[in-house]
4 protein chains.
Amino acid sequence: MRGRLFHVLSKVAERGEDNSARRERRKEARPGELLDAALQLFVEKGFAATRSEEVAARAGVSKGTLFLYFPSKEELFKAVVRENISGRFAEWTQEFEEFEGSTSEMVRYCMRVWWERIGATRASGITKLMISEASNFPELAAFYRQEVIRPGTELMRRILLRGIERGEFRDLDLDYAVFSIVAPMVFLIMAKHSLGACVAQDTPLDPERYLDAQIDTLLLGLCVRPDAKGARA
Amino acid sequence: MRGRLFHVLSKVAERGEDNSARRERRKEARPGELLDAALQLFVEKGFAATRSEEVAARAGVSKGTLFLYFPSKEELFKAVVRENISGRFAEWTQEFEEFEGSTSEMVRYCMRVWWERIGATRASGITKLMISEASNFPELAAFYRQEVIRPGTELMRRILLRGIERGEFRDLDLDYAVFSIVAPMVFLIMAKHSLGACVAQDTPLDPERYLDAQIDTLLLGLCVRPDAKGARA
Amino acid sequence: MRGRLFHVLSKVAERGEDNSARRERRKEARPGELLDAALQLFVEKGFAATRSEEVAARAGVSKGTLFLYFPSKEELFKAVVRENISGRFAEWTQEFEEFEGSTSEMVRYCMRVWWERIGATRASGITKLMISEASNFPELAAFYRQEVIRPGTELMRRILLRGIERGEFRDLDLDYAVFSIVAPMVFLIMAKHSLGACVAQDTPLDPERYLDAQIDTLLLGLCVRPDAKGARA
Amino acid sequence: MRGRLFHVLSKVAERGEDNSARRERRKEARPGELLDAALQLFVEKGFAATRSEEVAARAGVSKGTLFLYFPSKEELFKAVVRENISGRFAEWTQEFEEFEGSTSEMVRYCMRVWWERIGATRASGITKLMISEASNFPELAAFYRQEVIRPGTELMRRILLRGIERGEFRDLDLDYAVFSIVAPMVFLIMAKHSLGACVAQDTPLDPERYLDAQIDTLLLGLCVRPDAKGARA
DNA sequence: AATGAATGAGGGTTCATTCAT
DNA sequence: GATGAATGAACCCTCATTCAT
């Protein structure tokens, strides 16, 4: 009996908190904790290379607990993707339709806000995830295309169109100009999640400075006249 | 210069020939065929999700044969990466040092040539691979940074510097401006290998048109005056 | 004799009442409800394929409660078996020792009463269970042999012996003749619990008609003269 | 290297034969060996309680090898059932249609032949299996009904009908009279595979003697006159 | 050199059992 | 007593790797 008590206590100690505390944030908190842990690991190591026990461990629970909340690793993956793509685009579309400044300001705002709300958060991992795993999860790729890519592209298209119609932007190849906005963002995510600084490990990429540089060049490239109002002061 | 380009292109062509031709030069070609098959599958499905038997099958040999040439799946992966990032940068650096046109032309040439020699070939999959698997193969990531990212960055840095020094480009934040060239290329690779399934399945992205659009905007964004010589006719 | 029979039948009836009635006498009835649920499921799916949570659910309690009453699934199984083979043989032996009709009548009565008291009730599942699980529960099989098979065989042996001694039955191979009585009963149980799904799904076997046919043939086969008194009117 | 050699040799010794011998009866023999092992274990312990590693071990191979030949434990189970129900009924039906003796002789012959060809062989385990697992494998139960029960029943029905039409047998309830033939056979299988002697462990049931006793009683019960020709001398 | 049958460690998933509430 | 969240041993199955042929 002494043995069992010791065993239990050492397990508690291992976790760094007592059981009652863990019980308290019980069922409601679990799925979120698991999804967070899963997102981190999937982004870090890929779907196949992530072991479900590891996800559970990072969420501070045992292997079996994971399967109380998600019926399989694949469903966990899907839940991770869905969880992080709550319908933000409706909100954003609204926000941009009410925007009153110049379109250059709008583009700058758009990219900065993207960084704040997505790029700098866990959610950015989803993009890396989808790119790495798209072909292993065709239905999910379709879902992502439908829920993220399409509305995102549409939003930026509208912004560019506004710029052209207002005479701010030059006559762009609209379908492909959107990639001038998207590419720097995707690249930033990749830099963040994969190859580190992408330049050298010791001098990590500063996202703010990176974004400013990209936006400056981008706006100069988009605008009719390089001295457009939206250019940084 | 033509000579070198031809050499590179013919190596690319070599990999594309039909199966019947392959059978004839059995033994010598085996490792190459395996590397090709492996590259395709690793890019498509990721390292962990690719089964070695499948690699062997696609290369037209049996499972056992694969391990005759590569001691393990991991070594195969490393060989795939190493094989496909052969140091062409020395070659390219020289090529660009001898370049005589405007720096805008140089940037345009650089991106086009990259597309022809890397982007459009199987070798582009390596970028996708490294982005997906970097954290599972840290030493390979370091190798890639060392062999590809660093010299590539350095190459573009020099080009940009040339543009600034010659008064063609504005006063750029050099360390970050290189990403304005890299990001569109990385994005194109991603679009080709994964997001292609994402961006739009029915109307796939046209690389030439994409590149033109990106280069136009980029150069306008980099140049002191928007009517720079390098702008497309 | 009537009294005893009534008692047995009323116990059988007890188990068949509806759920609402059950709720009212909560605690005292729990173990019985669990045993009933377990018997049903074990018979239906086998020991290993029955999940203890399912047993609990069918008994209307939670998983934990099951283990409040039975220390393990295996103990539950043993309890199910023990509970359902209560030694009625002493009772029956006496009943038959006081029997006053012909031995043919006795055999017929014996099989009919067995059907009423065992075959038609939940208790019959135990036979199916033991046949299915005997090798996984050797000590239980021994117990079953001891408590059911041996006394049952002995009982029928005596009946047959009585028939022979009274000149009603021919000179039987006593040790094996008992199986002529047992086999049709065992078969009926199997038909009811498993082969029922096999013999014919659309026209299920009618137990009464089945028993009549078996008994008729059996008695004709046992008796010295085919026009024995016990033959059905 | 010494270590490895020792390891290999001791493994060989364990198996009691050298590797080359094992390699020789290779692929062709494996499925049969595995099916045999599986039949034994499924019959002995039930489907769920049988571990696939155990099946492999009994067949003298490793866990993984089992799955080279059968894609899953369930498919193995199905294969076991199918393997042991090759279409014997066509053959038998033919055999009985050409039978020239009395119908009593036919019944006796039928049951003896069943014992020789099925009852005494591994195949008899299938019956026990199906009875134990029918509800866990509904499609398989349907298959078994279709392939075994139905033709078997039909065969015996015809025999009985012949007896009635030739005036040998009394006017039987045909649909249920077949069970008088089946029940003793099913019971024998159960006795063999489950509860041992069903009487006492120490005096195992003698199948020949059992069958003779059952057939004698059965025929006396079926025939118009008890001195039918088919009765044992 | 090439094959592919065989292996067995590894990882996903289930479920009997525990225990804080 | 009753609950059900949590646990982790055990089991099915995969697949990188080996090796006799």
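Proteins get letters first, then strands, A, B, ... in listed order; numbering begins at 1 in each. Since we're looking at a predicted model, the values are computed, not measured.
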Could you tell me the Watson-Crick or G-U partner of [N], where both distances fall under 3.5 Å? Say none if there is no partner.
N      : answer
E:dA1  : none
E:dT21 : F:dA2
F:dC11 : E:dG12

Please state how far atom [atom1] in [X] lies from atom [atom2] in [N], giving the value in whole angstrom units.
X     : N      : atom1 : atom2 : result
B:E74 : F:dT17 : CD    : C1'   : 14 Å
B:L66 : F:dT18 : CG    : P     : 11 Å
B:L34 : E:dA1  : CG    : P     : 13 Å
B:R51 : E:dG10 : CZ    : P     : 19 Å
D:F47 : E:dT14 : CZ    : C1'   : 14 Å
B:L41 : F:dC15 : CG    : P     : 13 Å
B:F70 : F:dT17 : CZ    : P     : 13 Å
A:L76 : E:dT13 : CG    : C1'   : 13 Å

In Å, rounded to the nearest 0.5 Å, how long is the span from NZ of C:K128 to OG of D:S194? 11.0 Å
Nearest to side-chain heavy atoms of [X], which nucleotide of [options]:
X     : options              : answer
C:T65 : F:dA16, F:dA2, F:dA6 : F:dA2
A:K73 : E:dT3, E:dG12, F:dT3 : E:dG12
D:L68 : E:dT13, F:dT7, E:dA6 : E:dA6
A:Y69 : F:dA16, E:dT3, F:dA5 : F:dA5

Under a 4.0 Å threshold between the charged nitrogen and the carboxylate oxygen, would B:E33 count as salt-bridged to B:R58? no
B:S52 or A:G64, whichever maps to the more 5' nucleotide of DNA chain F: A:G64
Quick check on DNA chain F: between D:T50 and B:E53, whose nearest nucleotide comes earlier from the 5' end? D:T50
Can the ring centres of A:F143 and A:F137 be said to be less than 6.0 Å apart? no
Could you tell me whether the side chain of A:K63 has a donor or acceptor atom within less than 3.5 Å of a complementary atom in the base of F:dT7? no
Which atom names give the shortest non-hydrogen contact between B:V81 and B:I126, and what distance separates them? CA-CD1, 3.7 Å
Establish, with yes or no, whether the OP1 or OP2 oxygen of E:dA2 is under 4.0 angstrom from a side-chain nitrogen or oxygen of B:S62. no
Side chain to side chain, C:E133 and C:F77, heavy atoms closer than 4.5 Å: yes
